[in-house]
Structures are given as structure tokens and as C-alpha cells.
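Below you'll find the structure, written out as C-alpha cells, and then a few comments.
So you know, we letter chains A, B, ... as the sequences are listed, proteins then strands, and number each from 1.
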Amino acid sequence: MLDIKLVRTNPEYVRAGLAKRGMDTLVDDLLQLDQDRRERLTTVENLKNKRNIVSKEIGRLKAGKIDASNLIEEMKTVNDEIKRLDGEIRELEEKLNNLLLSIPNLPQDDVPVGRDEQANVEIRRWGTPPEFSFTPQPHWEIGEKLDILDFERGARLSGARFTVLKGLGARLERALINFMLDLHINQHGYTEILPPYMVNRDCMVGTGQLPKFEEDMYKVAPGDYFLIPTAEVPVTNLHREEILDVEHLPIKYVSYTACFRAEAGAAGRDTRGLIRQHQFNKVELVKLTTPETSAQEHETLVQDAEKVLQLLNLPYRVVLLSSGDMGFAASKCYDLEVWLPGFNTYREISSCSNFGDFQARRANLRFRREPEAKPEFVHTLNGSGLAVGRTVAAILENYQQADGSVVVPEILRPYMGGVAVIK
RNA sequence: GGAGAGAUGGCCGAGUGGUCGAAGGCGCACGCCUGGAGAGCGUGUAGACGUUAAAAGCGUCUCCUGGGUUCAAAUCCCAGUCUCUCCGCCA
């Protein structure tokens with residue numbers, strides 16, 4: 001959520017930022033609602049002040065057995081006016097708040113400006129795409145032939161975009177989850193969180209999924225629950241409504257969860273394979289930090305995610321997303337794209353974002369520098385470390401051999417009971 | 001699912017209609033004291049919003065949430081959420 005005070009004091013800056021996202025008509029609406037609200041607020045607060053003073057006077061008179069009925073009558077008309085103004089203010093605040101909740105974050109200054117992924121900037125590449133003496137297969141064909149991925153039965157159980165993992169396929173998924181968690185816990189200093197997979201509406205508003213993207217979320221029938229689309233939601237909201245001690249920052253959490261996405265707008269895209277599923281596994285990194293350190297923490301977050309790909313020896317590149325390609329809540333975002341030989345291209349496997357105070361303001365997530373200091377909003381960051389299903393796809397495609405078998409990356413073998421080849 | 005109890009400041013806890021944003025204690029900060037520490041003593045310790053260029057000051061709101069009664073609500077009424085205890089069910 002944008003800071004209404006920033007809109008008020010620096011509307012041109014906000015207008016310019018939103019223009020980079022391809023929207024600019026909202027600032028005037030915000031200013032008008034804000035001004036209307038403040039005008040009425042000043043009036044009604046003066047009336048309430050009067051009411052408080054007179055009420056105390058009435059109390060004194062009654063205590064002294066003196067008649068106060070004329071003052072009580074006067075207050076009745078004042079109360080009618082207060083009630084009317086309070087109603088108007090409530091309406092204006094609701095409009096203002098709804099509008100603010102539907103406006104995306106402003107891009108940081110070093111984010112490339114553009115309308116879509118065409119304007120993204122490649123930052124660096126790591127590794128060399130493997131050469132094959134045969135035509136590399138897409139992962140779904142490899143997985144089906146090895147009888148470790150079962151798309152047909154996934155569809156029978158649940159429908160399109162659901163997959164069953166079997167035997168060493170299931171084992172590989174589980175090995176990756178444990179490998180990633182161990183790496184981030186032991187080498188990168190994150191604390192593991194295993195959160196609920198269903199959260200309430202407040203959490204979804206806090207991280208920015210609601211109110212704008214409700215149609216992409218799975219809603220659970222009894223109660224007002226949502227299936228989490230990413231561990232970002234429960235983990236970022238863990239400290240909502242809290243004021244954290246500055247010496248506890250940065251807080252670094254790593255969390256494995258299943259993720260659930262309706263993919264409502266993705267009909268016809270990535271219909272085969274593991275790339276786009278309604279349910280998938282992900283290991284997520286989340287940081288809460290101070291404003292002055294968030295840019296640096298963002299860089300190290302990306303490096304922590306890259307380390308997974310490096311240890312698995314999977315070629316990838318880092319891309320800085322353009323203003324038009326970034327997610328709603330992000331102020332700056334790097335994607336990691338892994339090389340997929342079956343697609344002959346790089347595909348997103350991790351998205352690492354700095355949200356600034358955008359989510360913190362929604363979730364009322366603050367910290368205090370000194371015991372007596374005024375609370376400030378933290379900066380929140382997160383990134384996949386990594387999407388597990390896509391990592392399975394990347395391993396199958398990069399490590400495939402002419403005979404249809406797949407070599408297990410060395411670092412995973414201890415997690416696979418020593419299995420070196422899936423055949 | 002049934003029955004009951006409860007929700008007050010960072011924490012504990014008092015407060016059943018009127019100088020209550022809230023006693024007291026703990027914790028924390030600063031000062032005094034001390035060779036130093038502790039004890040002791042003193043002072044101070046919520047947040048949001050509005051007014052302001054900003055601060056100070058002032059005002060409004062907040063005692064789980066949302067409505068209501070009243071000139072006046074932590075306190076009375078209604079609805080909801082959450083926590084705890086007992087019973088039932090259950091991996």
C-alpha cells in the first residue's frame with residue numbers, strides 16, 4: 001500500500017512512478033478523497049471536543065445536584081451532526097482505502113522502464129547449457145518413460161495441471177526439498193518455518209494477493225480461508241501487527257510449503273509438464289529488514305537462491321524485471337531463469353523481490369530503532385529458493401542421457417539413498 | 001459438536017456508567033548512590049490520525065472486533081472472533 005502522506009506531499013513523484021507501470025489516472029482521485037476526508041475530520045473532531053467538555057460539565061453539575069437539562073438538549077443536536085459526519089468520513093475512508101489497496105507499488109529508480117518482459121535486462125549468466133549427441137526430450141516425456149511422473153493419473157484424481165510423482169520421482173522431489181532447506185538453514189543462516197497452508201483474508205491482503213487477485217486464489221469452503229499461493233503469505237505475515245526490536249533484524253526465514261494457484265489467466269500456456277501446476281512445492285526465502293539494508297539484503301537473497309542452482313550444476317541467468325513485468329507488490333525484482341534443453345530456452349525458476357514498505361504497511365509490520373523511538377515500517381523481501389517442481393523438470397532435462405535415463409546431481413545423492421542414475 | 005470461563009498497556013494485574021488512556025507491580029530507559037556491580041531512591045516509559053513546512057503543543061480515536069443505548073461507556077445491550085477448561089469425536 002502506498003503512503004497517503006507521500007501522495008499528498010509529493011503527488012508528481014507518485015504519478016511518475018505509477019506511469020512506469022502504465023497507470024497514472026488515480027493520483028487525483030486519491031488527493032480528492034484525502035482532502036474531503038480531512039476537512040470533515042477537522043470539523044467532527046472539534047464537535048467531539050465540545051461534547052467531551054460539556055459532558056464533564058454535566059457530570060459536575062449532576063454531582064452538585066444542579067439541573068443540566070438544557071445542556072443535555074444542546075448535546076443531542078451536536079450528536080446528530082457528529083453522527084452524520086462520522087458516516088460520511090467512514091464512507092470516504094473506505095473508498096480511499098480500497099483505492100490504495102488496489103494500487104501497485106512504485107518501482108525503484110534502477111528498475112528498467114518498459115511495458116513487459118521485452119524490457120527486462122539480463123544481469124549475468126552462470127554455467128554452460130549442455131550439448132547433446134541426441135535430441136533432448138522435454139521432461140514430461142523423460143518422466144513418463146521412467147515411470148516417475150504420471151500426468152494422466154494426476155488428471156484422473158484432480159484434473160488438468162495436477163501430477164502424481166512416483167518412486168524415484170517422488171524421492172527426487174523430497175530430496176530437493178531437504179537439500180534446499182539444509183543449504184539455507186546451515187549455510188545461509190535462515191530459520192525454518194513450517195506454516196499453515198490455509199490463511200485468513202487479512203494475511204492475503206497483507207502481502208498483496210487481495211483484494212485484486214481473488215480469482216487466482218483457491219478459497220476453502222467452510223470459513224473464510226484461502227489456500228496459500230506461496231509460503232510468502234504466511235511467513236511474511238508471521239509478525240504482522242508487531243513492533244520488532246531493531247537488533248532482531250534482519251529476520252531470515254526459509255519455509256517449505258505446497259503452493260496452490262488457480263492460474264486463472266493462464267489457459268493454454270504450459271499445458272504440459274511440471275511448469276505450471278495448480279499445486280506445487282516450493283522452498284521460499286523471506287527477509288524482514290530495515291529500509292537502509294534492504295537493497296543489500298536483496299542482493300544476498302538472490303545469491304542464496306543462485307547457490308542452489310550452482311550446487312546442482314544447472315545453467316541459469318539472472319534477469320532484472322522491467323517496471324511493467326514486475327508483480328503488483330514488488331519495488332524491484334530479479335528472476336532466476338534455468339536452462340531447459342527440452343524447451344531450448346531459459347525459464348523462470350525463482351523470483352526474488354524487494355517490496356520496500358509496501359507489504360509492511362498493509363500488514364502493520366514495524367520495528368523500533370531505540371526504546372523510545374517512533375516505530376517505522378520494515379522492508380520485506382522474498383524469493384524462491386527454489387520452485388521444486390521446476391527444479392525436477394530442469395534436472396530431468398539437463399541430466400538426461402541417450403538411453404532415457406537421468407543422472408542424479410552429485411550433491412543430491414546422499415538425499416536419494418545413494419542412487420546415482422534414475423533408469 | 002455440547003457445556004462453561006475469559007480477552008485491559010512490552011508483561012502481570014486492578015477497575016461495573018462521569019476528572020480513567022486507565023491504580024499497583026514487573027520489565028525497560030535515564031539520573032542519583034557505589035571503587036565497580038547489585039540493592040535502594042528519583043524521573044520517564046502505548047499507538048494511529050488530524051492540525052503544522054516540521055517539531056513542540058493541542059485535539060480526536062483506541063481497554064479483542066463491529067454495531068447499539070446514553071449528555072457521558074473499559075464498565076450496560078447485541079453480534080462476531082480468538083483463548084482456556086470439561087465432555088464427545090479424531091490422525
Spacing of [X] atom [atom1] relative to [N] atom [atom2], expressed in whole Å:
| X | N | atom1 | atom2 | value |
| --- | --- | --- | --- | --- |
| A/I4 | B/G50 | CD1 | P | 9 Å |
| A/Y225 | B/C82 | OH | C1' | 10 Å |
| A/L96 | B/G50 | CG | P | 10 Å |
| A/E241 | B/U81 | CD | C1' | 14 Å |
| A/R40 | B/G50 | CZ | C1' | 15 Å |
| A/N46 | B/G59 | CG | C1' | 8 Å |
| A/K56 | B/U19 | NZ | P | 7 Å |
| A/E247 | B/C28 | CD | C1' | 12 Å |

Taking a pair as Watson-Crick or G-U wobble with both distances under 3.5 Å, which nucleotide is matched to [N]?
| N | answer |
| --- | --- |
| B/C58 | B/G50 |
| B/G4 | B/C84 |
| B/G44 | B/C28 |
| B/U75 | none |
| B/G36 | none |
| B/G21 | none |

Taking only side-chain N and O atoms of [X], does any of them lie within less than 4.0 angstrom of OP1 or OP2 on [N]?
| X | N | value |
| --- | --- | --- |
| A/K62 | B/C71 | no |
| A/R368 | B/G10 | no |
| A/R38 | B/U51 | yes |
| A/K76 | B/C71 | yes |
| A/N52 | B/C71 | no |
| A/N49 | B/G59 | no |
| A/K83 | B/U69 | yes |
| A/R8 | B/G50 | yes |

| query | So what does A/K5 hit on the nucleic acid, given a heavy-atom distance under 4.0 Å: a base, only sugar-phosphate, or nothing? | reply | sugar-phosphate
| task | Would you classify A/I58 as touching base, sugar-phosphate or nothing, given that sugar-phosphate means primed atoms plus P, OP1 and OP2, and contacts are heavy atoms under 4.0 Å? | result |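 Since a base atom lies under 4.0 Å of A/I58, the category is base.
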| Which comes earlier along RNA chain B counting from the 5' end, the contact point of A/E73 or that of A/R37, where each point is its nearest nucleotide? |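 In this pair, the answer is A/R37.
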| request: Starting from the 5' end of RNA chain B, give me the residue, A/N79 or A/K374, whose nearest nucleotide shows up first. | output: A/K374
Please pick, from [options], the nucleotide with the shortest atom-to-atom distance to any side-chain atom of [X].
| X | options | answer |
| --- | --- | --- |
| A/I72 | B/C71, B/C49, B/G47 | B/C71 |
| A/R366 | B/C71, B/A48, B/G50 | B/A48 |
| A/E45 | B/C71, B/U51, B/U60 | B/U60 |

[atom1] gap between [N] and [M], integer Å:
| N | M | atom1 | answer |
| --- | --- | --- | --- |
| B/C41 | B/U75 | P | 36 Å |
| B/A53 | B/U60 | C1' | 23 Å |
| B/U83 | B/G27 | C1' | 24 Å |
| B/A73 | B/C86 | P | 39 Å |
| B/U8 | B/G13 | C1' | 9 Å |
| B/A22 | B/U45 | P | 11 Å |
| B/C20 | B/A72 | C1' | 13 Å |
| B/C77 | B/U19 | C1' | 26 Å |

| task | Go through the steps for A/D28 and A/Q32 under the test side-chain hydrogen bond (donor to acceptor under 3.5 Å, both in side chains), then give the verdict. | result | CA-CA 6 Å; A/D28 292 330; A/Q32 188 61 53; over 6 Å; no
| A/R362 to A/V205 - nearest heavy-atom pair and separation |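 Smallest heavy-atom distance, with atoms named: NH1-O, 2.8 Å.
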| Check against side chain to side chain contact (heavy atoms under 4.5 Å, CB included), A/I142 and A/Q137 | CA-CA 6 Å; A/I142 302 166; A/Q137 303 296 299; 3.7 Å; yes
| message | Checking side-chain polar atoms at under 3.5 Å, does A/K287 have a donor or acceptor matched by the opposite partner on A/T300? | response | yes
| Does A/D202 offer a backbone N or O that forms a donor-acceptor pair with the side chain of A/N200 under 3.5 Å? |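 Side chain of A/N200 to backbone of A/D202: a pair is present.
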| query | Do A/K332 and A/D109 sit within salt-bridge range, that is, some charged N less than 4.0 Å from a carboxylate O? | reply |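 Salt bridge absent between A/K332 and A/D109.
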| Steps toward side chain to side chain contact (heavy atoms under 4.5 Å, CB included) verdict (A/F179, A/L311) | CA-CA 10 Å; A/F179 159 64; A/L311 290 171; 3.9 Å; yes
| Does A/R15 make a cation-pi contact with A/Y13 (under 6.0 Å, within 45 degrees of the axis)? |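 Not flagged: A/R15 not positioned over aromatic ring of A/Y13.
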